[in-house]
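No hydrogens, no waters, no symmetry mates; every other heavy atom, side chains included, goes into these values. Protein chains get the first letters and strands the later ones, always in sequence-line order, with residue 1 at the start of each.
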Amino acid sequence: MPPTTQTELPSQYNPADVEAAINQRWRDAGADHAEPTNPGPPYAIVIPPPNVTAALHLGHALNNTLQDVLIRHRRMCGDNAVWFPGTDHAGIATQTVVEKRLLMQEGKKRTDFERDAFVARVQAWKDEYEQIITSQLREMGCSCDWQRQAFTMDEPRAKAVREAFFRFFKDGLIYRGKYLVNWDPATQTALADDEVEMQDVDGNFYYMRYPLIGPPLSTGENYVTVATTRPETMLGDTAVAMHPDDPRAEELKDRMVLLPIVDREIPIVFDNYVTRPDPDSDDPKARMSSGFLKVTPAHDLNDWEIGLRHQLPIINVMAPDASISVDHGWPAGEKPLDNPDVKPLVGLSREDARKAIVIWFKDHGMMEEVKPYRHAVGHSYRSHVPIEPYYSDQWYLKVTDDRLRGAALRAMAPDQYAGSYKAADGIGGPGPDGEPRMPSAASYSGHLRFTPARYAKTFQTWHENIRDWCISRQLWWGHRIPVWSKTFNVPADQLDKQIGPQHTGETTQAYENDDGTFTVYWVMRDLKPDRIEAIESAGWAQDPDVLDTWFSSALWPMSTMGWPQDTPELETWNPTSVLCTAREIITLWVSRMVMFNLYFRGTLPFKDVFIHAMIQDGFGQKMSKSLGNGVDPFDIIHSHGADAMRFTLTSMTTHTQDVRMPVDIVDPHTGETVTPDFITTPGGHKVAAPTQNHSGKEMVSSFGLASGQAAPSDDAPLARNTSEKFDLGQRFANKMWNAVRFSLGNLTAEPGDGGARALPDRWVLSRLARTIADADAALGRYAFAEYATTLYDFFWRDLCDWYIEAIKPTVADNPDQQHVLATCIDASLRLLHPAMPFITERLWQGLGDAWPRRGVAGLALPPSELLMKAAWPDADAGLIDEDAERDFDMIQDVVGAVRELRQTHKVPPRQVIETTAKAPAAIAQKLLEYRSITCGLANTIGRGVGPDVDKPAAAAVAIVGAIEIYAHGIVDTDAERQRLTKRADELAKQIKNLEGRLANKAYVEKAPEKLVNETREQLTAAQREAKSVNDQLAAL
RNA sequence: GGGCGAUUAGCUCAGUUGGCCAGAGCGCUUCGUUUACACCGAAGAUGUCGCAGGUUCGAGUCCUGCAUCGCCCACCA
């Protein structure tokens, strides 16, 4: 560790000299580790596990800084505080990144590997990025309990996943269902909803005529016209739907149409979902609608739901690659290959099939109209091809069950629950028998509360509109579903005998197939090799799919603590204290953790949810890899230091929704910061134009490299990103560094006890006491910016600008004052430690060497090996000294007034001026008493203070309340006249305003008395000052 | 389509339950380095609080409408 005396400290703070050594000290001391048996109230946070897809960016830095602020604060407060770190395997995202990399670097596709070999490659990627992420968190100073580091796919977590799956399955909450999934035909995998990107696409609305079977309508028409953007799916149509209130409905009751090309007879059904045509409507759908909707249950989610309501057949006409196929559910009875119109379509891509079908309708005179239409189409976030809703077998978790959804809604804090769901809906109220539904509200440990409160609505709305959760994914990277299946061709009553006995931790579900056979699904909680071998040799095969990545994330607050075992960790720390996350995953993650924790343990996973802002770039765009506007925390640590980054992020965290972070580039050779030019992409995004360094070479951001998005090349020097936003924290760190340098240089006496206090000492301790209270209150409300600015203002404005300046003339010879100084510095370092752990720890160690005992009556600052483990300051309210604050306010006003006079009259800084002050006796007495402070601060000789001082001619004058201050021999008459005139104008305006307010009868009668009195006092003061100013003007 | 947020100084943003003569940081102007810190200090300038109505003694703050920007969600007629 570097030397600690003032003379040996450099005059500028260099984070690199300090951070690693301090980190090492914490680690050596095991300061971040906690055991459930430790004393103190439990306080726990589980990290939102970052995806191992890529290195952390600034959003993570923000997220983790805030958690660390909370953890360090509570740890210092004496709580048994623990922070569980870890990472998420991020199923599809990680698999995609690795697949891309393999294709780019080795020209290989996933299918070129055996499953195990491919998983091993992803595992290697995970190991690399888990390592990077861990070191990023460490370098940021995150005081995670690293002994407890977890990964969502390691063995303890896998165990938790299998337990949860088994219990849900056994309780009938996991079921096998056919459903439409978001299918990516290019990569042939199912995507989660959040993996689908909506893009506006220019397409067409096709109006196609389907012939009516039977007599024509009264209008003479013998067809109905359906409107669609997807003609090619008509091959799978099983109905035409119309609104029951449509005027044509009566006539079309019980009618059938003949599906063109296919010659399938399909019914007309009536469904409220259909939008009726209205050419004048604001709704583009109504303007485009023909009133008839083709229903293709296998290829459109809405149609699927209509199909369910009307028991329509489901006909899948596509292969997994989205080409037209008769082999994936087309009814064999239709003999499609014998149909000369269908046969040429088979094997065509969906795009070609669309063209062919459009031509067919045109050729047959059945294409009524084609209108251009721009609409949103889901695209794969991986391959960027349009998503195909695809009909397939999947596993579902019945989150709509009251035990999950209902429990989650009932766990909300009553004042944050908008209560639109009534008991009749099965949610948010008692069950039919009037009893609370399980788990009962009484079993919750408190309620779930969101900060800012508005996010409770997001949570609630999501739950109210939730659908059952498709938890299977056609991937290789993830928790393999612990289900084995086998099909039996036996009568139902013989099924049990055929299946055979099940061991503990095993259970089955049987489903009857269309052909009367049964498929049985066998779940195994414990993957014992001999059992697996036994059932596999009996013909059972394991499901090839894996679980949605959020399934294991949902268990995170439990699985990190050893669930399903009953561990002391769970007992002590679950529910955790707060979940700190961004709003984008309220639905995907927060909701599911709440449901799972309530279901398995009957408790909430956390009591508070704090949702912080999202960091956008300088143009209000979300930071993303594809835009290249992300910033690696390492870059900021490099350019500004970890503490500067943390402090700035903390002070940016208000309860707003977004914050902007303009991104600059650091030239790797010169170290200069370059603000790149920006260009607008066709998609309307602003991206950095290629930026060249001093030698004309294009610079590549290190974020892009760290995220595996760009390959390093010799020509592209590695550039770091930065942002001037972080200058704030850097300057503040430097200020702290130097204030402590000054203090160390002045703590020379034998330690006193701070017993004899001058005004500045009483004042600063009073301000400190208030600051402590404000900081505690702010952190308690998750008002991080308020916490940061409160301390910034105290340290910089009160302590440095006023207190230290005020004591400079006296501190060297005053041990008591030195003690107060040491105490204030100590307390400030403690208060700032959660936000700026490195520099505060470093300086605090130095302070300990110079002045071992700090603290005053009413403010204990007990010693500690490490600041990290030191006690949070707890100030007695008795330290608040109203008199001292009032007196010091006056001193500040007087000093300010003299400074203004000096500036206005252009008095050279070194020139000492003589002043006299005329003030009421009581104030004059105080001015005399505190004269040393004002002189020290304003380079002023105060003399002749008193009520009887003669008003001198030819002096500059400043008026502060009841005090008139005369500065002799410096008068610049013009400047003085100008200044006084301006002031007189201001006062006149103010007086008019105040008089107007008091003349308003309603104001005097209705406004609080205190306020009215205040106004009267203001008026009196203003009038007094105005008189004084006018007298002075006259004298000039 | 539904929901949420933002709009305050040149820039980035604070402004808790309505009581301001509207604040901070950066930037700008002037002055100042044998002084803890020039990553500093002092003084100063800069606002129709997006627009239009309304409630109120009093509105940046509450209500209504409008405009612009952004985010999240959503099911491709």
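Going from the C1' atom of B/rC37 to that of B/rA42 covers 15 Å, rounded to whole Å. Only the P atoms considered, B/rG5 is 25 Å distant from B/rC11, to the nearest whole Å. B/rC28 and B/rC20 have their P atoms separated by 33 Å, with the value rounded to a whole Å. Comparing the same atom, C1', in B/rC4 and in B/rA74 gives a spacing of 14 Å after rounding to whole Å. Taking the C1' atom of each, B/rG53 and B/rA59 are spaced 14 Å apart, rounded to whole Å. Comparing the P positions of B/rG60 and B/rA9 gives a spacing of 15 Å, expressed to the nearest Å. Look at the P atom in both B/rG27 and B/rC63: the space between them is 38 Å, to the nearest Å. Nucleotides B/rU34 and B/rU29 place their P atoms 23 Å apart, quoted to the nearest Å.
A/Glu1005 comes within 4.0 angstrom of no nucleic acid atom, judged by non-hydrogen atoms across all strands. Looking at heavy-atom distances under 4.0 Å, A/Thr654 makes contact with sugar-phosphate atoms alone, never a base. Contact annotation for A/Arg797: backbone-only contact, meaning every heavy-atom pair under 4.0 Å involves sugar-phosphate atoms and none involves a base. No contact: A/Val1004 has no heavy atom under 4.0 Å from any strand. Among the protein residues, A/Arg781 comes within range of no part of the nucleic acid, since none of its heavy atoms lies under 4.0 Å from any strand. Here A/Asp303 lies out of heavy-atom contact (under 4.0 Å) with every strand. The residue A/Leu293 sits close to a base: some heavy atom pair falls under 4.0 Å. Using a 4.0 Å heavy-atom distance criterion, A/Lys982 is classed as a sugar-phosphate-only contact. Heavy atoms of A/Asp801 sit under 4.0 angstrom from primed sugar atoms or phosphate atoms, though from no base atom. When heavy atoms are screened at a 4.0 angstrom cut-off, A/Arg230 is found touching base atoms of the nucleic acid. If you check every strand for non-hydrogen atoms under 4.0 Å, A/Tyr273 touches a base. Within the 4.0 angstrom heavy-atom criterion, base atoms lie near A/Pro1008. The residue A/Lys808 sits close to a base: some heavy atom pair falls under 4.0 Å.
Using a 4.0 Å cut-off between a side-chain N of Lys or Arg and a carboxylate O of Asp or Glu, A/Glu995 and A/Lys992 do not qualify as a salt bridge. A salt bridge is absent between A/Arg230 and A/Asp300: the closest approach of a Lys/Arg side-chain nitrogen to an acidic carboxylate oxygen does not fall below 4.0 angstrom. Comment: A/Arg983 engages A/Glu986 in a salt bridge, judged by a side-chain N to carboxylate O separation of less than 4.0 angstrom.
Partner assigned to B/rU55 is none, using Watson-Crick or G-U wobble distances below 3.5 angstrom. B/rG18 is unpaired under the criterion used here, namely a Watson-Crick or G-U wobble arrangement in which both key atom distances are under 3.5 Å. In a base pair of the Watson-Crick type (N1 to N3 plus N6-O4 or O6-N4) or a G-U wobble (N1-O2 and O6-N3), with each distance short of 3.5 Å, B/rA6 is matched with B/rU68.
Put simply, the side chain of A/His655 gets close to the backbone of A/Tyr782: a donor and an acceptor are under 3.5 Å apart.
For A/Ser11, the listed nucleotide lying nearest its side chain is B/rC37; candidates were B/rC40, B/rU34, B/rC37. Nearest nucleotide to the A/Lys1006 side chain, out of B/rU56, B/rC76, B/rU33: B/rU56.
Side-chain atoms of A/Glu900 stay outside donor-acceptor range of the base of B/rA43, with no qualifying N/O pair under 3.5 Å.
Under 4.0 angstrom from either OP1 or OP2 of B/rG32 there lies no side-chain N or O belonging to A/Arg899. For A/Thr458, no side-chain nitrogen or oxygen approaches OP1 or OP2 of B/rC4 to under 4.0 Å.
Comparing A/Asn993 and A/Arg276 along RNA chain B, the residue whose closest nucleotide (by nearest heavy atom) sits nearer the 5' end is A/Asn993.
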